[in-house]
Colleague: 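Shown below is the structure under consideration.
Per chain, numbering begins at 1; letters A, B, ... match sequence-line order. Computed over heavy atoms, backbone and side chain alike; hydrogens, waters and symmetry mates excluded.
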Amino acid sequence: MDYPPNVKLIRVPCSGRVDSVHLIKAFEEGMDGVYVAGCLEGECHFLTGNLRAKKRVEYVKGVLTTLGINPERLRMYNLSAAMGSRFVEIAREMTEMIRSLGPSPVKTGAGREFPQEQEEGEEQ
Amino acid sequence: MTGRKIGAVMVVGGGIGGVQSALDLAEAGYKVYLVESSPSIGGRMAQLDKTFPTNDCSMCILSPKLVECGRHPDIELLTYSELLGLEGEPGNFRAKVLKHARYVREDICTGCGTCQQKCPRRTASEFDGELGERKAIYVPYPQAIPNVPVIDKQICTYFLKGKCRVCEKVCPAGAIDFEQEDEELEIEVGAVILALGYETFDARLRGEYGYGRYKNVVTSLEFERILSASGPYRGEILRPSDNEHPRRIAWIQCTGSRDTSLGRGYCSSVCCMYAIKEAIIAQEHDPNLELTIFYNDIRAFGKGFEGYYESAKKAGIRFVKSIVSDVKELPRTKDLFIRYVEDGEVKEENFELVVLSVGLEPSEQTKLLAKKLGVELEPCGGFCSTPFFNPLSTTREGVYVCGVFQGPKDIPETVMQASAASAVASATISAERGTMLQQRQYLPEKQIKGEKPKIGVFVCHCGINIAAVVDVEAVRDYARTLPHVVWAEDNLFTCAQDTQERIKKVIQEEGLNRVVVAACSPRTHEPLFRQTLMEVGLNPYLFEMANIRDQCSWVHMKDKEGATQKAKDLVRMAVANAALLEPLERERLPVRKRALVVGGGLAGMTAALGFAEQGFEVFLVEREAELGGNMRHIYWTLSGEDPQAFLEEMIERVTTHPAIQVITNAEVVDHEGVQGNFSTGVMIAPTMTYRKLEHGVTVLATGGEEYKPKEYLYGEHPAVLTQMELEERIARGELDLGELRRVVMIQCVGSRTEQRPYCSRICCSVAVKNALKLKELAPDLEIHVLFRDIRTYGLLEQYYTKARERGVIFTRYIPERPPEVEAEGNRLLVKVWENTLKDDLILEADLVVLSTATLPRENEELAAMFKVQRTLEGFYLEAHMKLRPVDFSSDGIYMCGLAHSPKLMDETISQAQAAVARASTLLAKDEIEVGGVVARVEPELCAACLICVRACPYGVPYICEDGYSVIDPAKCRGCGNCAAECPQKAIQLQHYRDEQLVAKVLALTRGI
Amino acid sequence: MKVSYYPGCSLLGTAREYDESNRAVCGALGIELEELEGWNCCGATSAHSTDDYLALALPARNLVIADGKGLDLIVPCSACFLRLKASEKKLLEMPLADFPYRGSLKVKHLLNFLAEDENIQKIQERVKKPLAGLKVACYYGCLIVRPPKVTGATEPEDPKEMDRLMAALGAEVIEWSFKTECCGGSLVLARPDIATKLVERILKMAKEAGAEALVSCCPMCQSNLETCQGESSHRTPVFYFTELLGLALGLSGVKGWLKRHLIDPRQPLREKGLI
Amino acid sequence: MSIAPQTSFLYHIEEKSGEKVSLCYQCNKCSSGCPVTFAMDFPPHVLLRMVQLGLKEKVLGSLTPWVCASCETCTTRCPNGIDIARVMDTLRQMARVAPAGAEDIPKFHEAFLNSIKARGRVYEVGMLLEYMFKTDVWAKIKSREIIKETKLGWEMFRRGKMRLFPHTIRGLEDIKKIFEHKGK
Ligand SMILES: Cc1cc2nc3c(=O)[nH]c(=O)nc-3n(C[C@H](O)[C@H](O)[C@H](O)COP(=O)(O)OP(=O)(O)OC[C@H]3O[C@@H](n4cnc5c(N)ncnc54)[C@H](O)[C@@H]3O)c2cc1C
Ligand SMILES: Cc1cc2nc3c(=O)[nH]c(=O)nc-3n(C[C@H](O)[C@H](O)[C@H](O)COP(=O)(O)OP(=O)(O)OC[C@H]3O[C@@H](n4cnc5c(N)ncnc54)[C@H](O)[C@@H]3O)c2cc1C
Ligand code: SF4
Ligand code: SF4
Ligand code: SF4
Ligand code: SF4
Ligand code: SF4
Ligand code: SF4
Ligand code: SF4
Ligand code: SF4
């Protein structure tokens, strides 16, 4: 049960509390990647908070794309409190993914890393 | 004398069982005397390292309970004391208690520990097994409650030789008192609960394993200490002979259990699981270890156990189905030589360390006390005798029992029974509830509005749980540099009782108005620290935690520098957030003193009666026309009771009790509200009338059902039955026993498979039960049971023995080659691979009986309605596997019976009573506090866009006449969805305001 | 003190030195051994392997004779001891008219008898030549301890009587794990290959633990341990415990006993200046 | 091959030995402690399992009871208190013919008991002579095995360990009576 220490958590009562603004703020501050960990779908402790969070995450992905940040840097995961090993897996997965993408362009001052043309569809 | 009852209960034994009983009783409004014979409470659980199957740190989850117990105004701790005798009658007992002299004054001692350091006299420590040492004056372990040492008269130099008194000289408080004498107290109580626990089997009695002769043969309890970060080797796995790292470790199961030749014909229930746990944890310490468990059957029968076992196998822990005969020490290396059988061959192997999985048994003192109290014991093992349908009552009226003293069991089951015992014990004195209570002493809340933040940071070592990875001093020094921090210190155990006192002192002396603890996790510890704040008049919401253990030291063990850096980051984030914390108001709401029980099986009915006996009204909702559930189809038990007679009587009691409203043919259709104030709608057939039920607590007892298999020609051939069908047929006399020559039972049908990877727990016992029944009715009938592991845990093992004695033939099959059943006219042909003989066993059978899985009943919709969580298999998921086994994580909702996990009737009854106890702690209160973390609207900013109204999963916000959104704090659950969606940012979720979350992000990214 | 003595067949032949040393040592301790008159063979493995009645009756006859005397019955051979005890247990549980045994006595193995506190004390008082520096591994074998339900051994897996006796004589007693491991004595004639294998292992472990010699309390084990060692030049001597007692008590017959051994045990004793 | 169980054999063994073989839960402890498994065709737990399933021919033809050294290790440690060594005795008694690898064992017992029957005690020299005769001295002489045995005999003789003249006990008639009752 070991994952890289670069992963840090911010506690919220429900993934539904996570505001688009918070996510965007994190990227503006130069975070290389952000993920939202919510309850399993259909098992949200607050009924539907995780579904709302998911929509918001999709929305922010769109925003990131427009800003030229690879939307892959933002993800939503669903897992339950009983899934410690999954948590570790996710932490490693995210770290790997970000390693492969390199540091955030916001931090490096490099240009857009994501071409606007590739913009995908809106929320599902 | 008769008539007058006393609203107090004496709990004897301060292990997790006793502690849980005491807390439940005190919270439900009774005075509690907790008598513990050793110097401190905590029992065996305090000695354990981690706990299966969640690998929670044992001491860490136990400690908050101990602290709570230690400071609860209605719990009087009588440690280093013993119960001498009990006179009087139920409701009104006089208990004689002998309080041994500690020779240290509890009222003066500050727990500074100086005396222990300076005392010259050493001896082996009971707490660390033979591996550690303590002094003549000692506290058993650092987090002990009470944190007051005792002097061990047997070895203290002063008591032996009349000279020394070093402790007296060094004690800064002057707390040593050699004049103290034993004291005899007489205490009046209404009921008594015995939670006397166990001691481990004396492994010297199985001399062939060399315990006591060979240093590198240790007991499992000693191995727990070896693993423990606070143990004698500080959490390094070393072996006693040379303090070197062993590479190959072997566990020998069933040492002193399942052993009729030693008068211990029971299974100790926990040792299979703790051995697996110890192996898993050892592997986490060092992945290169070679770990072997020598077993006979692996009894992974509890919730989540089978998966744990499977994960251990996957992780490369070796399981060998062979009990070894003896252990021999090799003279030079002190390695241990073991012979065993694998695949029919005798093999030999050397190990560097051998762990004996010793069994559990009541101590001699326990047996003596039972005798004195007139409490009868089981002939098998000397556990406390309890009636099957009344598993918490001893043979003496008014005296109850829980925990391992009642039979071997693990922590969650102990906790369940402990709660249950508190329910039944208090039922008789429920009229006296609240008559003997003390008010909690809180200082009036300090107003901090307008004050600049003054933050205190407490960084925890957690023994070496944190300190071994994170440089705690560096984190502390770093904390001192952070804005608003006026105090920072590090503590060995921040959650220990003395540290609470210390935190309170610092808050007062330094005038702190915010507190940050950098330690384990708010999940387990936040309530404790909030309570500490409240005691000195700080609003509990002025507290913040940085999870530098669970999110740091535990998960980054291999990167100490990275972990220390991250710990600093986490502390910085916590401090940034703390600066923005505000005191929150809580609202008081009256409690509806009524319970709703969903499901009218054994669990539901027991719960309903339990509530009624506690003086609360109950709605009992059952979807079928009849009460009883599965129990309607159970006709006998292993121990010879008549379930149908019991059921009939119970239904009678339930339906006639004035406080119980039974609503049958009813379906729950909606549910809303918060704890203390629920309202649930039911639709009642056949008229389909709708009824709204208002209640304060909810118990979900929706049960389970037998899996109807597709395997083994079930449904195709008339001679293939399930166990329940067999039982039904025997009971109704539909089986022509004279015609039968051979019956074959097949175990694990539909359980322990890929789709259903859990053990159904009851089917082994049910098979044994029905096999014995058949043997009783037709002694010459040949019965074969084809099994994978026989899981007759605890005292049920006796019946497995009995079945073999009666000639039932048990054949182990391996999952790779399961039995095959073919039809041959009327008869059936069962073929199974006999792995010992390496050949197929062919059984012509007249009847094939399938021991099929137990499934939860359809409960998905209900779970969604009540917003409660389920496991992957569809059983209800408890708030905490170990310590909150009947609570859902949503407040005010509880579970019991088969809906939680498969279990036998006596266990169902215990759990139902436990649910009553837990719910009663809520119902006993006249009002509860709600609010706190809720959403608040800034009316001026609100655009009345209705987005929040749509966003709220609970439909709380509404647009008032004045045209802005209103959120009722009593209804709001604090999820924050509205706040996140509100386009105007007119809504803020208290305690998680935007400002705070952003501050955390900024603290993380920008540094100070 | 007077006790009945049941030497058993081997002590008349292959284990003569054991018999001689027993009588000498007991004499020196003031214990009178009164040989059971007309005793017969206990039947040993051959009886209980082939016929239940023989296994019960052959020892029973001896018990009845001893019962008449009312003296405790001391047995130096572990095999005889177990057969007598087993038969006694049965007779007490289910009396047989042919063998009216009342159980007025205790059947004791000579080793356990001499290791009783008062005898050990006597021995300690009389030690003339402490066996200082002699490293011995005490070998108890099977039948003096197993099965404990019959033998009454309190610590069947780790008996200590011989250890205590040897320590009382001043010998250096080696801790080892093969005290009660079977040497295959009952198979020595029919399947010497099996016995040889078992003996090899026991000796290897004793040597590894640092023993110079083994000490035995049973004529079957002793002779098996000696004969199965083969011809190798590093053979380990095997003493009867009463021989070492005799030596330490300074008795005169010692040399004669030791000469009878198939493996000459005198080397280590000479090295220590004990003979 | 396959196995068809036969419980009557189990009951028979249980009755004759007085031991509840059906109690065995196959923990393998007996076999892992038995010192002579290497010379057995089936380790003890397997033999007990075969008794449970009633595999009469296999059980009675097994070498195991014959090479069992009666060390009682298994009996002492069996958690179900089964006297396995006792079961071995019973099986040995029931199997009239010893299988290959154990031919000599009953001959030894016979010689031993004959010696007792004749004189009340074992007369080692006579017993050995009888045994050697029964076990086909000529074959042994050819294989030179006898040399080892005679050499051992000589060594013993040299050291006065061979009692050359037998002793007959008083009360031999008791012994004769006992032997008449044999098989009871
Ligand atoms: C090696 C080992 C590992 C284990 N691991 C796990 C695990 O990982 N998970 C799990 O769930 N379970 C585990 N268990 C089981 C667990 O320890 C028990 O389920 C639990 O401790 C039972 O609690 P209890 O309160 O009934 O008894 P105890 O913990 O034994 O408490 C009894 C208390 O009563 C006191 N007492 C006794 N007699 C008297 C008297 N006459 N008067 C006053 N006080 C008295 C004792 O001092 C003690 O404090 C393990 C057990 C062992 C041996
Ligand atoms: C095959 C089998 C054999 C067993 N044999 C034994 C045995 O020999 N000995 C023993 O001790 N134990 C045995 N048990 C276990 C025993 O049956 C249980 O411990 C006990 O009956 C469980 O009671 P329960 O109330 O939890 O569940 P159930 O008996 O399942 O009762 C649940 C009740 O809730 C009702 N319900 C479900 N959902 C709703 C809803 N949404 N609304 C309203 N009502 C609802 C159901 O209709 C049912 O009446 C056996 C169990 C099984 C399955
Ligand atoms: S030195 Fe005194 S105050 Fe400190 S722990 Fe010991 S007794 Fe208590
Ligand atoms: S008197 Fe001495 S030995 Fe006794 S507790 Fe005090 S310091 Fe220790
Ligand atoms: S089978 Fe029972 S007694 Fe044996 S180790 Fe497992 S839990 Fe313990
Ligand atoms: S981290 Fe600190 S507060 Fe948390 S359990 Fe450990 S000692 Fe207690
Ligand atoms: S039959 Fe049932 S109780 Fe037994 S192991 Fe299988 S699933 Fe578990
Ligand atoms: S925080 Fe908002 S969305 Fe959540 S329950 Fe309260 S009002 Fe509803
Ligand atoms: S030790 Fe006993 S229970 Fe175990 S396999 Fe042998 S006979 Fe069976
Ligand atoms: S008595 Fe026989 S079967 Fe049992 S352990 Fe000894 S040699 Fe093996």
Colleague: For the CD atom of B/Q551 and the CG atom of A/L9, what is their distance to the nearest 0.5 Å?
Modeller: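 Those atoms lie 4.5 Å apart.
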
Colleague: Flag yes if more than 12 heavy atoms outside B/R884 fall under 6.0 Å of its CZ atom; otherwise flag no.
Modeller: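 Yes, CZ of B/R884 has more than 12 neighbouring heavy atoms, counting only those of other groups under 6.0 Å.
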
Colleague: Check B/T564, B/D559, B/V555 against A/P5 for a side-chain contact (heavy atoms from CB on, under 4.5 Å) and give me the one that passes.
Modeller: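 Output: one option passes, namely B/D559.
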
Colleague: Can you tell me which portion of A/V18 sits under 4.5 Å from chain B's heavy atoms? Options are side chain, backbone, both or neither.
Modeller: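 The answer is the backbone of A/V18.
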
Colleague: Under 4.5 Å from any heavy atom of chain A, what part of B/V1001 do you find: side chain, backbone, both or neither?
Modeller: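 When you check distances to chain A, atoms from both the backbone and side chain of B/V1001 fall under 4.5 Å.
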
Colleague: Quick one: which of B/E860, B/E981, B/R973 has the most heavy-atom pairs under 4.5 Å with chain A, could you say?
Modeller: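 Top count of heavy-atom pairs under 4.5 Å with chain A: B/E981.
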
Colleague: Taking all non-hydrogen atoms of both residues, which atom of A/P13 and which atom of B/C975 are closest, and how far apart?
Modeller: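 Minimum heavy-atom separation between A/P13 and B/C975: CG-O, 4.0 Å.
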
Colleague: If you count heavy-atom pairs within less than 4.5 Å of chain A, which of B/A567, B/A951, B/S311, B/G562 leads?
Modeller: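 Maximum pair count with chain A is reached by B/A951.
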
Colleague: A/D19, A/T48, A/N6: which one forms the most heavy-atom pairs within less than 4.5 Å of chain B?
Modeller: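 Among A/D19, A/T48, A/N6, the one with the most close pairs to chain B is A/D19.
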
Colleague: Measure across A/G16 and B/A980 and return the closest heavy-atom pair with its distance rounded to 0.1 Å.
Modeller: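 Shortest heavy-atom separation between A/G16 and B/A980 comes out as O-CB, 3.3 Å.
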
Colleague: To the nearest 0.5 Å, what is the distance between CG (B/L989) and SG (A/C14)?
Modeller: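 So the CG of B/L989 and the SG of A/C14 are separated by 10.0 Å.
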
Colleague: Between B/D994 and A/R17, is the closest basic N to carboxylate O distance under 4.0 Å?
Modeller: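 Salt bridge between A/R17 and B/D994, a charged N being under 4.0 Å from a carboxylate O: yes.
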
Colleague: Look at A/R11 together with B/E544 and state whether they make a salt bridge at an N to O cut-off of under 4.0 Å.
Modeller: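 So A/R11 does not pair with B/E544 through a salt bridge.
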
Colleague: Heavy-atom distance under 4.5 Å between the side chains of B/L997 and A/K25, does that happen here?
Modeller: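 In short, these two side chains do not touch, never coming nearer than 4.5 Å.
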
Colleague: Count the heavy atoms belonging to other residues, nucleotides or ligands that lie under 6.0 Å from CD of B/E861, then report whether that count exceeds 12.
Modeller: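 Result for CD/B/E861: open.
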
Colleague: Just verifying a value: how many Å separate A/K8 NZ and B/L570 CG, rounded to the nearest 0.5 Å?
Modeller: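 Between A/K8 NZ and B/L570 CG, I get 7.5 Å after rounding to 0.5 Å.
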
Colleague: Check whether B/K566 reaches the backbone of A/V7 with its side chain - one donor and one acceptor, N or O, closer than 3.5 Å.
Modeller: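 Yes.
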
Colleague: How about NZ on B/K303, more than 12 heavy atoms from neighbouring residues, nucleotides or ligands closer than 6.0 Å, or not?
Modeller: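 Count over threshold, so yes.
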
Colleague: Heavy-atom distance under 4.5 Å to chain A: side chain of B/S889, backbone, both or neither?
Modeller: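 Both backbone and side chain.
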
Colleague: Could you tell me if A/D2 and B/H556 have a donor-acceptor pair between their side chains, going purely by distance under 3.5 Å?
Modeller: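 No, no side-chain donor-acceptor contact under 3.5 Å.
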
